[in-house]
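Residue numbers begin at 1 in each chain, while the letters A, B, ... track the order of the sequences.
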Amino acid sequence: MTAKNTNDAKKVERLEVVRHSAAHIMAEAVSSLFPQVELGIGPATSEGFYYDFDLPRSLTPEDLSVIETKMREIIASDSPFLHEETNKDTAREIFSSQPYKLELIDELDDETATVYRQGSFVDLCRGPHVASTGEVKAFKLLSIAGAYWRGNELRPMLQRIYGTAFETKDELESSLKRLEEAAKRDHRKLGKALDLFSIHEEAGAGLVYWHPKGATIRSIIEDFWRSEHSKRGYDIVYIPHIAKIDLWKSSGHWEFYQDSMYPPIDIEGQSYLVKPMNCPGHILIYKTQLRSYRQLPLRWAELGTVYRWERSGVLHGLTRVRGFTQDDAHIFCHPDQLEDEVVGVVEFACFMLQSFGFNDYEVMLSTRPEKYAGTIEVWDQATETLQRSLERLQIDYVIDPGEGVFYGPKIDISLEDSLGRTWQGPTIQVDFNLPERFDVNYIGDDGLEHRVVMIHRTVLGSMERFLGCLIEHYGGAFPIWLAPVQAAVIPITDANLDYAREVALQLRSEGIRVEVDERSERMNLKIRDAQLQKVPYMLIIGNEEMNNSTVSVRLRNGQNIRGVSVPEFKSMVKSAVDAKETV
RNA sequence: GCCCGGGUGGCGCAAUGGUAGCGCAACCGACUUGUAAUCGGUAGGGUAGCGGUUCGAAUCCGCUCUCGGGCUCCA
């Protein structure tokens with residue numbers, strides 16, 4: 001487990017100041033181009049900075065370069081950032097024409113208000129800033145977006161300009177390159193280019209169709225998932241996709257989660273709902289018997305497909321969809337087992353992530369939200385258990401107040417991909433509520449009924465989101481154990497076709513995923529296509545190979561190994577698969 | 001859902017009021033070739049959908065669907 005530490009806090013701090021100053025310079029530029037502008041806020045972010053504006057017209061991408069030019073002038077003028085302390089009343093006068101600033105002034109804790117001036121521009125701001133505008137040496141405006149004032153969808157929508165800034169031009173350049181690289185790895189692009197999945201306008205937004213190659217990867221992951229679960233004492237269950245509304249009323253989902261559920265379906269006068277979660281189904285199975293404390297913990301896992309109504313604007317490739325398969329499991333245990341179970345799940349989740357090459361993650365503990373079920377005591381108890389488990393594992397975590405689910409607190413793990421971006425992955429949620437609602441019990445050693453404690457958990461998140469993340473993490477160049485086509489057999493001329501087919505047959509009999517490129521094309525074209533498809537091994541077969549019963553192996557990194565016998569190649573692939581090698 | 005910007009042959013793009021064009025892929029033919037694109041030919045769309053303006057619409061307007069960048073929200 002690698003803790004994420006801010007290795008050079010000072011540098012980060014300095015960068016924040018530069019970015020915040022860049023935001024002010026941008027605000028000055030926008031103000032001079034649009035004197036009627038009403039200013040929102042303009043902070044630095046982990047990636048750059050933004051500023052929100054209320055403007056008389058919509059900005060276009062062309063406006064960005066005009067604003068950038070203006071910003072360069074301001075930077076060239078090298079005017080100092082002047083810090084000024086004043087009181088609220090004076091501040092109100094300064095910002096009399098700025099309603100958003102006035103609102104901020106009203107909410108200041110004490111009587112002093114700090115303002116910063118550069119040139120003729122003045123902004124309400126706590127600071128700090130660089131000494132003068134000339135110190136902002138490398139910046140770029142990136143995009144325009146709508147953003148609600150103060151993040152509240154009931155308040156006006158402002159226009160937000162995103163930009164980024166660095167201390168040096170080199171750092172800016174490499175950051176922009178990283179963005180380009182990220183764009184190339186976009187799972188939506190790669191999904192199309194590598195023929196992995198599709199989403200259809202005529203079939204519905206947010207609903208994923210897995211093509212053979214994508215499905216191959218998915219089913220390998222699912223097989224791995226099942227076998228790792230069975231090693232850890234889980235059993236697999238299956239449940240239906242719809243259930244009577246009463247079940248969802250009993251569970252509390254109808255009450256707390258209705259906004260995310262699809263409307264009822266009428267079936268012969270009865271209302272049914274498509275499941276947004278799997279838990280009630282697993283509870284029904286639990287309740288088919290009287291359970292003894294000796295049976296606990298029961299760990300039941302399911303690749304359970306759920307459907308949630310997500311607002312149209314939030315859908316995004318595979319990472320935000322309306323139908324998805326959770327790698328779900330529910331653990332029924334007694335309270336004394338809770339901590340051990342949580343520890344086991346967190347370890348399991350980390351193991352799974354590491355198996356896919358994710359070595360950095362962030363752990364978040366989310367506490368009681370405003371809308372919650374159950375009592376505060378029970379919530380506190382559960383939250384403490386989660387906390388103790390993380391401490392036992394010596395995992396650094398951040399507390400996210402009020403972000404728990406309605407039925408219990410949770411641990412979320414977000415993973416960091418090869419480009420340093422974070423993705424929401426596994427989640428572990430304690431639930432004291434559903435056992436209560438469904439009266440889920442076990443018979444203790446005292447012969448009496450006791451309430452079970454439930455853990456909901458995923459170790460990947462959802463198949464869709466995880467695959468989306470994996471595609472980007474590997475940039476489409478999947479490790480050998482996951483690659484949908486592990487080897488492309490490339491005959492040089494048609495005369496080599498029969499031998500090529502024979503080699504493929506031999507490899508296939510060993511479970512190696514092989515395709516023969518039988519097209520009447522040149523070898524170079526076939527190699528190029530296999531490279532673009534990111535196939536890990538290309539087996540070039542010409543007369544030389546045919547005569548010696550060998551293959552010539554080309555790796556996707558360009559490396560060539562000639563004269564490899566077929567058995568040698570088999571064991572090469574096998575060991576790469578076993579080691580989960582990436583090439 | 002909200003703000004802004006898009007939707008053109010399988011894919012990537014061009015055409016901004018005058019009856020849609022290019023590259024790749026596909027198909028046919030020739031070539032039979034040692035590590036990232038062989039050459040030639042053929043076919044393919046009426047521009048997301050519906051309605052409107054106009055002599056004339058891919059281009060302008062309205063509505064719907066959908067995609068992208070964000071906001072809010074989330075596995």
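Sorted by first and then second residue, the salt bridge (charged side-chain N to carboxylate O under 4.0 Å, His left out) pairs involving residues 303-323 of chain A (not counting sequence neighbours) are A:E153-A:R311, A:E310-A:R320.
Geometric assessment of A:R19 against the ring of A:F49 yields a negative cation-pi assignment under the 6.0 Å and 45° thresholds. For A:R218 and A:F197, the positive end is not near the middle of the six-membered ring at less than 6.0 Å and at most 45° from its axis.
Taking a cutoff of 4.0 Å between a charged side-chain nitrogen and a carboxylate oxygen, A:R457 and A:E341 do not qualify as a salt bridge. Ion pair A:R519/A:D529 flagged as a salt bridge, since at least one NZ, NE, NH1 or NH2 atom sits closer than 4.0 Å to an Asp/Glu carboxylate oxygen. Under the 4.0 Å criterion applied to side-chain N and carboxylate O atoms, A:K177 and A:E181 are not assigned as salt-bridge partners. Salt bridge present: A:E107 and A:R150 bring a charged side-chain N and a carboxylate O closer than 4.0 Å.
Of the residues in residues 549-563 of chain A, those lying under 4.0 Å from RNA chain B by heavy-atom distance are A:S552, A:R554, A:N560, A:R562. Applying a 4.0 Å cut-off to non-hydrogen atoms, the residues of residues 458-467 of chain A that approach RNA chain B are A:G461, A:S462, A:R465, listed by residue number. Near-neighbour residues of RNA chain B inside residues 312-327 of chain A, defined by a heavy atom below 4.0 Å, number-ordered: A:S312, A:G313, A:V314, A:L315, A:H316, A:G317, A:R320, A:V321, A:F324, A:Q326.
Using a 4.0 Å heavy-atom distance criterion, A:A145 is classed as a base contact. Within 4.0 Å of A:G542, counting heavy atoms only, lies at least one base atom of the nucleic acid. At the heavy-atom level, A:Q533 lies nowhere under 4.0 Å from the strands shown. Within 4.0 Å of A:Q159, counting heavy atoms only, lies no atom of the nucleic acid at all. Residue A:K189 is out of contact with every strand shown, counting any heavy-atom pair closer than 4.0 Å. Using a 4.0 Å heavy-atom criterion, one finds that A:I540 contacts the bases of the nucleic acid, with or without backbone contacts as well.
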Trace of the side chain to side chain contact (heavy atoms under 4.5 Å, CB included) decision for A:T216 with A:F478: CA-CA 12 Å; A:T216 298; A:F478 291 98; over 6 Å; no
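Close to B:G10, at under 4.0 Å from its OP1 or OP2, lies no side-chain N or O of A:K192. Between A:Y148 and the phosphate of B:C73, there is no side-chain N or O to OP1/OP2 separation shorter than 4.0 Å. Within the 4.0 Å cut-off from OP1 or OP2 of B:G68, at least one side-chain nitrogen or oxygen of A:R188 is found.
Contact check for A:E568 versus A:I561: no side-chain heavy atoms found under the 4.5 Å cut-off.
Checked by distance alone, A:S520 brings a side-chain donor or acceptor within 3.5 Å of a matching partner on the base of B:C31. Between the side chain of A:R528 and the base of B:U35, no donor-acceptor pair of N or O atoms lies under 3.5 Å. A donor-acceptor contact under 3.5 Å is not formed by the side chain of A:N524 with the base of B:U35. At a cut-off of 3.5 angstrom, the base of B:G49 holds no donor-acceptor pair with the side chain of A:E202.
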Pairing pattern in dot-bracket form [Watson-Crick, G-U; both distances under 3.5 Å; | = partner strand] for RNA chain B: (((((((..((((....[..)))).(((((.......))))).....(((((..]....))))))))))))....
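Base orientation for B:G45: anti, the chi torsion being more than 90° from 0.
How far CZ of A:R513 is from CG of A:L482: 7.5 Å, rounded to the nearest 0.5 Å. Atom NE2 in A:H456 sits 8.0 Å away from atom CE in A:M277 (nearest 0.5 Å).
Taking the salt bridge (charged side-chain N to carboxylate O under 4.0 Å, His left out) definition, one finds that A:E370 meets it with nothing, sequence neighbours left out.
Ring geometry for A:Y257 versus A:H253: interplanar angle over 60°, hence perpendicular rather than tilted (30 to 60°).
Closest of all the heavy-atom pairs between A:Y537 and A:A576 is OH-CB, 3.5 Å.
When distances are taken from the side chain of A:I492 to each of B:C71, B:U38, B:G34, the shortest belongs to B:G34.
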